[in-house]
Amino acid sequence: MTLYIGNLSYQVTDQDIREVLSEYGQIQRLNLPVDRETGRMRGFAFVEMSDDGQEDAAIDDLNGAEWMGRSLKVNRAKPRDSRS
DNA sequence: TTTGAGCGC
């Protein structure tokens with residue numbers, strides 16, 4: 001499953017996210033989208049995790065939690081638009 | 001700062 005994490009601080013790095021999310025399961029993939037033109041983080045992330053049943057606990061725990069001075073928004077990610 | 005790429009006619 002893939003987790004969507006929004007409202008991230010610009011200071012957050014992929015390693016920070018790994019640290020936190022690894023408590024709830026094995027991280028398969030991490031994606032931190034940046035604005036293609038400005039190179040800035042877009043303020044959210046996607047974390048694909050092994051389906052071991054703890055992802056929902058991660059959502060419960062982290063959604064609304066304060067992290068790096070911001071309130072996280074954690075959800076199940078929606079599939080990305082594919083452009084065959 | 002809230003759903004991912006890339007980017008040509």
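From a predicted model like this one, the values you see are computed outputs, not experimental measurements. In what follows, chains carry the letters A, B, and so on, assigned in the order in which the sequence lines appear, proteins first and then strands, with residues in each chain numbered from 1.
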(message) With rounding to the nearest 0.5 angstrom, report the CG to CG distance, A:Asn31 to A:Leu3.
(response) 13.0 Å
(message) What is the separation between atom CD1 on A:Ile59 and atom P on B:dT3, rounded to the nearest whole Å?
(response) 16 Å
(message) To the nearest 0.5 Å, what is the distance between CG on A:Leu30 and CG on A:Leu21?
(response) 8.0 Å
(request) Using atom CG of A:Leu8 as one end and atom C1' of B:dG4 as the other, report the distance to the nearest whole Å. (result) 13 Å
(request) Drop me the distance from A:Glu23's CD to A:Leu62's CG, to the nearest 0.5 angstrom. (result) 9.0 Å
(message) With rounding to the nearest 0.5 angstrom, report the OG1 to CD distance, A:Thr2 to A:Glu48.
(response) 4.0 Å
(request) Check the distance between B:dT3's P and A:Leu72's CG and give it to me in whole angstrom. (result) 15 Å
(message) Short of 4.0 Å, heavy atom to strand atom, which residues of residues 19-42 of chain A count as contacting DNA chain B?
(response) A:Asn31, A:Pro33, A:Arg36, A:Arg42
(request) For A:Phe46, report the nucleic acid contact type (base, sugar-phosphate, nothing); a contact means any heavy atom under 4.0 Å. (result) base
(request) Any chance you could measure A:Gln54, atom CD, to A:Gln26, atom CD, to the nearest 0.5 Å? (result) 11.5 Å
(message) Rounded to whole Å, please give me the gap between OH in A:Tyr4 and P in B:dT3.
(response) 4 Å
(request) Sorted by first residue and then second, give each ring pair (Phe, Tyr, Trp, His ring centres under 6.0 Å) pair with at least one member in residues 35-64 of chain A; sequence neighbours left out. (result) A:Tyr4-A:Phe44, A:Tyr4-A:Phe46, A:Phe44-A:Phe46
(request) Quickly work out the A:Ile5 CD1 to B:dG4 C1' distance and round it to whole Å. (result) 13 Å
